[in-house]
Amino acid sequence: MAIGQSALSNHGRVQQATHDPLWLRLLMISTTVSFIVIFLVLPLTIIFMEAFRDGLGAYLKSFQDPAGWHAIKLTLIATGISLPLNLVFGVAAAWAIAKFEFKGKSLLITLIDLPFAVSPIISGLIYVLLFGMQGWFGAWLSEHDLQVIFAVPGIVLATIFVTFPFVARELIPLMQEQGTDEELAAISLGASGWQTFVRVTIPNIKWGLLYGVILCNARAMGEFGAVSIVSGHIRGKTNTLPLHIEILYNEYNVVAAFAMASILAMLGLITLVLKSVFEWKVQQQLRETLEPTTAEAN
Amino acid sequence: MHLRIKQYSPLPGFGLTLGYTLTYLGLIVILPLSALFMKSTSMTLDQFWQTIVDPRVMASYRLTFGTSLIGALINLFFGFIVAWSLVRYRFPGRKILDALIDLPFALPTAVSGIALTTIYAKNGWIGGLLEPLGIKVAFTPLGITLAMTFIGLPFVVRTLQPALEELDGETEEAAASLGAGRWQTFWRVILPTVLPALLTGFALAFARALGEYGSVVFISGNMPMKTEITSLLIITKLEQYDIAGATVISIVMLLVSFLILLSINGLQWWVSRGQRKSV
Amino acid sequence: MSIHVKNVSKTFGSYMALKNVSLEIKDGELITLLGPSGSGKTTLLRIIAGMEIPDDCEGSGIFFHGEDVSHRQVGARKVGFVFQHYALFKHLSVIENIAFGLRVRPKATRPSKKEILSKASELLQLIQLEGFGNRYPAQLSGGQRQRVALARALAIEPRVLLLDEPFGALDAKVRQGLRNWLRRLHGELKMTTILVTHDQEEALEVADRVVVMNQAAIEQVGTPAEVFHNPASEFVMDFLGNVNVFRGRVEEGHAVWGNGTVKVPGLQTSSNGLANVYVRPHELDLLRHANGSASLAARVKRINPAGSYAKVVLTAKDGSDLQVDLPFEQFLELDLQCGEDVFVMPRRVRVFSSDYEI
């Protein structure tokens with residue numbers, strides 16, 4: 001990312017903008033705005049329009065459905081478990097990768113990126129293959145009267161799989177960029193590993209951490225495909241919020257479906273806002289490291 | 001105690017963090033994925049082949065592949081325009097529009113799915129406009145393509161933006177001072193420089209669209225042989241307890257995605273071999 | 001605290017950074033490790049600090065005051081390390097940076113909060129930054145940041161101060177100021193200090209002794225005067241200061257010079273053969289007429305009179321250039337012009353060759 005260069009290229013950029021003829025600029029901008037409005041703004045708007053189509057009363061009534069509340073609860077549980085686990089993973093992986101030199105690092109990073117390359121359907125399928133009736137552990141599980149697939153544990157596992165890269169992917173380049181000098185300085189001053197981590201590393205990565213966490217959160221709460229496979233769609237039992245929305249929609253219970261969807265849409269918007277804020281903060285912190293001093297000499 | 005694979009560092013915690021990382025990866029990623037591959041080897045090659053060439057499956061491949069490709073191409077073209085405008089021009093609302101680009105990431109796929117379907121349905125905002133013209137969007141490949149475009153939009157724009165931002169004005173000014181017109185400068189100087197990023201964004205959008213489920217399944221209509229995407233076919237097979245069949249189709253999709261990513265990486269490497277900075 | 005480095009080697013993969021290096025450092029000395037990049041000086045410093053571990057060899061070891069610390073962790077060695085790019089904790093204020101080493105001490109040995117602050121304030125005064133305690137590193141200049149880094153290292157009362165090219169990232173004038181300041185500080189604290197630098201002016205100005213390093217080995221250890229005026233090897237002579245080199249010949253212990261020979265101090269009378277003859281620019285005299293002693297005919301090519309001495313560049317008959325530094329008064333007396341033919345006489349030459357040493 002051209003962080004240090006932004007000041008410089010900004011100047012160049014302003015000059016370039018005046019090189020493009022006015023008609024071109026207008027054309028590009030209007031195309032951009034139209035494209036974004038049609039593809040992004042419209043879907044966003046319609047969610048709220050449909051949710052409130054029959055007025056506020058109908059909107060609120062949608063939330064009286066116990067199955068709906070259960071779905072919300074399940075979503076929160078799945079997110080609540082996968083988020084901390086993935087957070088710890090992300091931090092551990094980033095520490096190992098960013099602060100040390102060892103062979104096999106790029107393989108490790110590729111493995112971490114894997115869920116991004118794998119379709120959500122496959123992400124769910126693999127757990128069915130492990131824990132489903134015909135799966136590797138299927139027999140063992142039914143012997144012990146435990147259920148993973150079509151039950152909460154399966155949902156949690158699928159959620160963990162699709163969201164675990166987020167924190168790591170954000171922290172790894174950040175910590176690599178920050179280097180190891182400050183940690184080495186702390187160690188040389190007598191700090192223990194844990195003290196160094198808490199007092200030196202965490203303050204430096206906190207914005208990146210938050211950034212990764214909200215992305216992880218958004219994906220965890222909204223995951224549909226993978227969870228769809230492992231959940232079994234048992235209404236009131238194994239439906240997360242997205243799955244519940246699907247059921248409502250397929251039953252033509254449009255207002256209720258969009259009412260529930262509106263919650264997730266609001267979550268999505270909050271995610272976007274926080275994301276921009278945290279991203280800016282991360283860049284600001286990195287800029288501080290790279291910028292030469294502005295104060296007077298000596 | 002001198003492991004050759006790791007350089008000495010006075011920083012502690014390597015064993016602990018790497019151990020945790022590898023354990024986590026092993027349990028969550030490697031174990032399940034190996035189950036996938038093991039399952040596929042449990043079939044004979046003949047069974048494997050039969051599953052793949054089944055007409056319904058082939059139809060779904062054609063549909064999914066085709067619509068993903070077109071969607072990615074649309075994103076390639078419009079994504080470039082959007083990225084260019086956001087990086088190079090100043091206009092009111094720019095920052096908000098920029099933040100909105102990530103909407104397909106932030107919004108759950110099911111939510112996007114029902115929203116898109118509602119817009120393009122017969123009586124929807126856009127669907128309603130096109131209906132009198134005889135253009136059906138929802139429940140047709142066209143609708144699927146639009147959904148694929150939606151889901152891939154951020155990939156091209158977000159990969160392209162840093163590359164465009166890194167362009168310093170100097171090379172363009174140099175080209176202009178040498179007499180190149182604006183179009184020539186664009187074609188000969190700017191485009192080649194950002195081509196690697198463009199290709200990466202395209203590949204990511206393509207691969208993502210191939211495997212997409214939630215945003216697409218509502219608008220697609222799901223008629224076998226006509227509008228059934230592969231992701232749905234896999235789920236259908238699972239619901240029919242044809243786990244082997246589902247696995248086979250999945251593996252093919254997985255391999256195709258990897259192939260796409262690999263070939264684009266290769267293409268990218270080839271394109272940028274002259275431009276790569278020396279380390 | 002004295003430091004004894006014994007037979008230390010270090011390889012990184014296939015690259016040899018240090019080749020069987022030994023060094024003795026006296027208690028309270030300020031020594032500099034001087035050399036070009038790749039000479040191994042930073043590696044040596046880091047090994048002394050404990051940031052790298054030397055190769056496991058027979059008889060190798062690092063001794064602090066007689067104690068073998070080769071297997072001790074960096075945190076346990078009580079060294080004060082100052083990084084080239086300061087490595088200040090960006091999110092902590094200046095006073096908290098300085099206090100860091102004290103705050104992280106285990107409960108048993110940790111001073112009270114009041115004591116920590118008072119110690120940190122003392123150090124703040126020492127580095128002449130009183131009033132800056134609540135500022136953050138981003139608000140300081142490079143020179144100020146480096147001083148804070150030094151105070152932070154001093155706070156843990158280290159047995160030795162290790163500085164890794166501490167002034168490398170600063171402007172020339174700031175560097176000069178900090179150099180003087182460091183020298184004064186060392187005079188006050190009398191702490192054993194090791195400074196790594198590639199800047200020879202810095203090394204010669206600041207150190208009690210200089211360790212000249214090249215290609216993973218030590219070329220010479222000596223006082224600044226010793227290494228400058230009595231270089232032990234070709235590399236040292238070439239690296240420090242300006243020098244003229246001639247591919248010349250040696251006959252019976254005398255170096256061939258122009259129309260005659262010059263006695264080379266310390267050279268065997270039996271020595272013969274090709275050699276590199278070294279002369280420093282200020283050890284050459286210029287005369288208009290040969291006066292009988294060995295002199296080299298040359299033509300004045302360029303004169304740079306701007307300085308406390310004038311730099312005259314001449315071209316010898318064989319086309320090679322040489323530089324002569326003349327004290328300004330002498331230069332005025334001679335009243336040289338470009339293109340003039342003059343004679344160059346050495347007051348002192350050194351000879352280095354692969355056949356024999358001096």
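Hydrogens, waters and symmetry mates are skipped; everything else that's a heavy atom, side chains included, is used. Quick note on labels: first sequence line is chain A, next is B, and so on, each numbered from 1. All figures in this text were calculated on a predicted structure; none of them were measured in a lab.
Taken from CG in B:Leu36 to CG in A:Leu125, the straight-line distance is 6.0 Å, to the nearest 0.5 Å. Separating the CG atom in A:Leu111 from the CD1 atom in B:Ile30 is a distance of 5.0 Å, to the nearest 0.5 Å. Going from atom CH2 of B:Trp84 over to atom CE of A:Met28 covers 6.5 Å, rounded to the nearest 0.5 Å. Atom CD1 of B:Ile119 is separated from atom CD1 of A:Ile46 by 4.5 Å, given to the nearest 0.5 angstrom. To the nearest 0.5 angstrom, B:Ile28 atom CD1 is 6.0 Å from A:Leu157 atom CG. Within the model, atoms CG of B:Leu31 and OH of A:Tyr127 stand 8.5 Å from one another, a figure rounded to the nearest 0.5 Å.
Highest contact tally toward chain B, considering only A:Ala94, A:Ser188, A:Ala226, A:Ala261, is held by A:Ala261 [criterion: heavy-atom pairs under 4.5 Å]. For the set A:Ala186, A:Ala257, A:Gly222, the count of heavy-atom pairs under 4.5 angstrom toward chain B peaks at A:Gly222. In terms of heavy-atom pairs under 4.5 Å with chain A, the best-connected choice from B:Ser85, B:Gly214, B:Gly15 is B:Ser85. When each of B:Ala110, B:Gly13, B:Gly124 is checked for heavy-atom pairs under 4.5 Å with chain A, B:Ala110 comes out on top. If you tally non-hydrogen atom pairs under 4.5 Å between each of A:Val88, A:Leu129, A:Ile97 and chain B, the highest count goes to A:Leu129. Taking chain B as the reference chain and counting heavy-atom pairs below 4.5 Å, the highest number among A:Ile47, A:Thr31, A:Val254, A:Ile121 is found for A:Ile121. Annotation: maximal heavy-atom pairing with chain A below 4.5 Å, among B:Lys95, B:Glu239, B:Lys39, B:Glu212, occurs at B:Lys39. Contacts with chain A were tallied for B:Leu107, B:Leu33, B:Leu25; B:Leu25 has the most, counting heavy-atom pairs under 4.5 Å.
Heavy-atom distances place the side chain of B:Leu153, and not its backbone, under 4.5 Å from chain A. Contact of B:Tyr8 with chain A is not made at all, since no heavy-atom distance falls under 4.5 Å. Only the side chain of A:Phe100 comes within less than 4.5 Å of a heavy atom of chain B; its backbone N, CA, C and O stay farther away. In this structure, the portion of B:Leu22 lying under 4.5 Å from any heavy atom of chain A is its side chain and not its backbone. Both the backbone and the side chain of A:Leu85 come within contact range of chain B, judged by heavy atoms closer than 4.5 Å. With a 4.5 Å cut-off on non-hydrogen atoms, B:Phe186 does not touch chain A at all. For B:Leu238, the part lying near chain A is the side chain, with the backbone staying farther off; criterion is any non-hydrogen pair under 4.5 Å. Residue contact with chain A, scored on non-hydrogen atoms closer than 4.5 Å, involves the side chain of B:Ile126 exclusively. For a residue to count as touching a neighbouring chain, one of its non-hydrogen atoms must lie under 4.5 Å from one of that chain's; by this rule B:Ile243 touches chain A with the side chain only. Heavy atoms of A:Val91 lying under 4.5 Å from chain B are absent altogether. When heavy atoms are compared at a cutoff of 4.5 Å, A:Ser123 does not approach chain B at all. For a residue to count as touching a neighbouring chain, one of its non-hydrogen atoms must lie under 4.5 Å from one of that chain's; by this rule A:Ile245 touches chain B with the side chain only. Contacts between B:Ser112 and chain A at a heavy-atom distance below 4.5 Å are absent for every atom of the residue. For A:Ile29, the parts lying under 4.5 angstrom from a heavy atom of chain B are both the backbone and the side chain. Contacts of B:Thr247 with chain A are made by both backbone and side-chain atoms, with heavy-atom separations under 4.5 Å. Only the side chain of A:Ile122 comes within contact range of chain B, with at least one heavy atom under 4.5 Å from a heavy atom of that chain. With a 4.5 Å cut-off on non-hydrogen atoms, A:Val128 touches chain B through its side chain but not through its backbone. Only the side chain of A:Ile229 comes within contact range of chain B, with heavy atoms under 4.5 Å apart. B:Phe37 does not touch chain A: none of its heavy atoms, backbone or side chain, sits under 4.5 Å away. Contacts of B:Ile81 with chain A are made by both backbone and side-chain atoms, with heavy-atom separations under 4.5 Å. Looking at B:Phe150, the atoms closer than 4.5 Å to chain A (heavy atoms on both sides) sit in the backbone and in the side chain alike. Looking at A:Phe164, the atoms closer than 4.5 Å to chain B (heavy atoms on both sides) all sit in the side chain, from C-beta outward. Proximity to chain B (any heavy atom under 4.5 Å) is restricted, for A:Met49, to the side chain, taken from C-beta onward. The contact between A:Glu50 and chain B is made entirely by side chain atoms (from C-beta outward), counting heavy-atom distances below 4.5 Å. Only the side chain of A:Tyr249 has a heavy atom closer than 4.5 Å to any heavy atom of chain B.
Residues satisfying the side-chain hydrogen bond (donor to acceptor under 3.5 Å, both in side chains) test with A:Glu183, not counting sequence neighbours, are A:Lys99, A:Thr201.
Relative ring orientation between A:Phe35 and B:Phe78 is described as parallel, the plane-to-plane angle staying below 30° on a 0-90° scale split at 30° and 60°.
The nearest pair of heavy atoms linking B:Leu116 to A:Pro43 is CD2-CG, 4.0 Å. Contact record, A:Trp136 with B:Ala35: CZ2-CA, 3.6 Å, taken as the closest heavy-atom pair. Nearest heavy atoms, B:Phe218 versus A:Asn250: CE2-OD1, 4.4 Å. Across A:Ile187 and B:Pro10, no two heavy atoms sit closer than the pair CG2-O, 4.2 Å. Between B:Gly211 and A:Ser119, the shortest heavy-atom distance links the atoms O-OG, 2.9 Å. Residue A:Ala218 comes nearest to B:Ala106 through the heavy atom pair CB-O, 4.2 Å, listed as atom of the first residue, atom of the second, then distance.
Considering only heavy atoms from C-beta on, B:Thr118 comes within 4.5 Å of A:Phe258 through its side chain. With contacts defined as side-chain heavy-atom distances shorter than 4.5 Å, the pair B:Tyr24/A:Ile160 qualifies. Using a 4.5 Å heavy-atom threshold, the side chains of B:Val111 and A:Phe224 count as separate.
Atom CE of A:Met266 has more than 12 neighbouring heavy atoms from other residues, nucleotides or ligands inside a 6.0 Å radius.
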Enumerate, atom names and distances included, each donor-acceptor pair closer than 3.5 Å involving a side-chain atom of residues 96-105 of chain B, sequence neighbours excluded.
unit_1, atom_1, unit_2, atom_2, d
B:Asp98, OD1, B:Arg158, NH1, 3.0
B:Asp98, OD1, B:Gln161, NE2, 2.9
B:Asp102, OD1, B:Arg158, NE, 3.1
B:Asp102, OD2, A:Lys275, NZ, 2.5
B:Asp102, OD2, B:Arg158, NE, 3.3
B:Asp102, OD2, B:Arg158, NH2, 3.0

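Using a distance-only test at 3.5 Å, with no hydrogens or angles considered, no donor-acceptor pair links the side chain of B:Tyr20 to the main chain of A:Ala93.
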